[in-house]
There are 2 protein chains.
Amino acid sequence: MKNKSEDYQKMIKTYLEHNSCPVAATMSVIGGKWKSIILYLISHDVKRFGEMHRMIDGISKKMLTSQLRELEADKIIHRKVFPVVPPKVEYTITERGLSLRPLIIAMREWGLENVLKIRHYT
Amino acid sequence: MKNKSEDYQKMIKTYLEHNSCPVAATMSVIGGKWKSIILYLISHDVKRFGEMHRMIDGISKKMLTSQLRELEADKIIHRKVFPVVPPKVEYTITERGLSLRPLIIAMREWGLENVLKIRHYT
DNA sequence: CGGCATCCTTCATGATACTG
DNA sequence: CAGTATCATGAAGGATGCCG
């Protein structure tokens, strides 16, 4: 236990010194205002743009686009364009995206257990 | 597996309809720009204000204050003021805060495994 | 349908200075 | 030491309209 603790302290120091905290890194991937919801939705099924737009209450097309682009850049989701009229675009989760599922699930469960006890949340 | 999947779909629907997705709720607690780092630091030890201010590179006193206040409001951390001169304030993690540790650890591990593979992160 | 371009507003955050 | 107060600003995000 002592070792573990010392280990942590060292890692903290290293991370912060190099300004590369992996916790923060993960947050930068899933921490966008809507990303966790998108991830949660998409991890269960292929989703189309309009479909998500309808499912996520209050999100604008612009926001949805930007969040999807960022997730794509991080290789969490994959964007497949069908060259048809009218346009059709499908978003699927990648393998790396799937590796985030345990995290999303854990967040969901923590939320379920604590949501009612905490202050209002937006 | 089929049940599970249907279950998910239902839950998604319910959450989104009621605008109370627990994943988003959790994000609202740990999703602040610096919260995960603060949490990570504080979960290992009692920390003083200035101490954290020094440890977290780039954070302003104002930001640190606001983030700490929010975590306190969510009962994730506890703020203890010592009536001495000069002032002394200690921040400790609460039990609810501790229940977030597995999440933080999981985020840290995902970050370690993926950080090098993804695009730049801030 | 799935965006992008543009304009515009508001909010989060930085900088700086002050205090019990 | 551990904050508050005040001011300033840049960027995030909303609204709207257009397009292939």
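Residue numbers start from 1 in every chain, and the chains themselves are labelled A, B, ... in the order their sequence lines are given, proteins ahead of strands.
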Please determine if a side-chain N or O atom of A:Ser60 lies less than 4.0 Å away from the OP1 or OP2 oxygen of D:dG14.
-> yes
In whole angstroms, how far is the P atom of C:dG2 from the CG atom of A:Leu68?
-> 11 Å
Whole angstrom is fine here: how far is it from NZ in A:Lys62 over to C1' in C:dC1?
-> 20 Å
Heavy-atom donor-acceptor pair, A:Glu51 side chain to A:Arg48 backbone, under 3.5 Å | yes
Interatomic distance, A:Ile59 CD1 vs D:dG13 P [rounded to whole Å] = 10 Å
Ignoring backbone atoms, test whether B:Arg48 places a side-chain nitrogen or oxygen under 4.0 Å from the OP1 or OP2 oxygen of D:dA2.
-> yes
Return the 5'-most residue of the pair A:Thr65, A:Pro87 with respect to DNA chain C, ranking by each residue's nearest nucleotide.
-> A:Pro87
Between CD of B:Glu90 and P of D:dC1 the distance, given in whole Å, is 15 Å
Could you tell me whether B:Lys47 and B:Glu90 have a side-chain N and a carboxylate O separated by less than 4.0 Å?
-> no
Comparing nearest nucleotides in DNA chain D, the 5'-proximal residue of the pair B:Val89, A:Gly58 is B:Val89
Tell me which of B:Ser66 and A:Arg79 sits closer to the 5' end of DNA chain C, going by the nucleotide each one is nearest to.
-> A:Arg79
Main-chain N/O of A:Ile30 paired to A:Ser36 side chain as donor or acceptor, under 3.5 Å = no
Just to confirm, is there a sub-4.0 Å distance from OP1 or OP2 of C:dC4 to any side-chain nitrogen or oxygen of A:Arg69?
-> yes
Starting at CZ of A:Phe82 and ending at P of C:dG3, how long is that distance when rounded to a whole Å?
-> 12 Å
Closest non-hydrogen atom pair between B:Ala106 and A:Leu103, with its separation | CB-CD1, 3.2 Å
Polar side-chain atom of B:Ser43 near backbone of B:Arg101 as donor-acceptor pair, under 3.5 Å = no
Rounded to the Å, how far apart are A:Phe49 CZ and C:dC4 C1'?
-> 11 Å
Expressed in angstrom and rounded to an integer, what is the separation of B:His53 atom NE2 from D:dT4 atom P?
-> 13 Å
Length of the line joining A:Lys61:NZ and C:dG3:P, which is rounded to integer Å = 10 Å
Would you say C:dC1 has OP1 or OP2 under 4.0 Å from some side-chain N or O of A:Tyr91?
-> no
